[in-house]
Amino acid sequence: PDSAARLRRKLADLSTPHTIVASALDHMEADRGVHVRAIGQIVRDQVDAPAASHLQQAGGPDMVFDQVIGLLKTLLTP
């Protein structure tokens, strides 16, 4: 519930400029395929079958990547 506030505090403590955060997120999006494949591998190797099935039905690794990037952009960029 308070993860957004915790993440903002941690970022503020690091004094990471928003331009660096935005650049890192842009690089992640540019390498989307690499990250989506890695998420897929994690789901196959480390998530139990029922949860993996639900993730696949919800959109699979593509959905996970899109949701995470969307949340990070919302929380970390002005």
Side-chain angles (χ1 to χ4, degrees):
D2 66 337
S3 60
R6 281 194 332 251
L7 191 55
R8 284 189 186 105
R9 270 195 317 274
K10 287 180 181 183
L11 186 62
D13 290 345
L14 293 173
S15 299
T16 305
H18 290 291
T19 54
I20 291 174
V21 173
S23 176
L25 291 173
D26 288 343
H27 281 92
M28 286 180 70
E29 285 185 298
D31 292 329
R32 184 180 198 286
V34 171
H35 298 296
V36 168
R37 284 190 299 278
I39 293 166
Q41 189 67 45
I42 290 167
V43 170
R44 283 188 297 279
D45 294 347
Q46 299 181 26
V47 177
D48 62 41
S53 176
H54 285 130
L55 280 171
Q56 279 303 117
Q57 291 173 6
D62 291 291
M63 178 275 304
V64 173
F65 180 83
D66 293 340
Q67 291 296 311
V68 169
I69 289 293
L71 285 170
L72 289 173
K73 282 187 169 189
T74 298
L75 297 173
L76 300 177
T77 55

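Quick note: residue numbers are just sequence positions, from 1.
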Closest non-hydrogen atoms of Gln56 and Pro61, given as atom of the first, atom of the second and distance, are OE1-CD, 3.3 Å
Which atom of Glu29 lies closest to which atom of Phe65, heavy atoms considered = CA-CZ, 4.1 Å
Return the [atom1] to [atom2] distance between [X] and [Y], rounded to the nearest 0.5 Å.
X     : Y     : atom1 : atom2 : answer
Ile42 : Leu55 : CD1   : CG    : 11.5 Å
Asp66 : Leu71 : CG    : CG    : 11.0 Å
Met28 : Ile69 : CE    : CD1   : 4.0 Å
Asp31 : Asp26 : CG    : CG    : 11.0 Å

Scan residues 36-54 for pairs that pass salt bridge (charged side-chain N to carboxylate O under 4.0 Å, His left out), counting only residues two or more places apart or in two chains.
-> none
Ignoring hydrogens and angles, tell me if any N or O in the side chain of Ser23 forms a donor-acceptor pair with the backbone of Thr19 under 3.5 Å.
-> no
Those residues at least two apart in sequence (or on a different chain) that pass side-chain contact (heavy atoms from CB on, under 4.5 Å) with Asp62 are Arg32, Val36
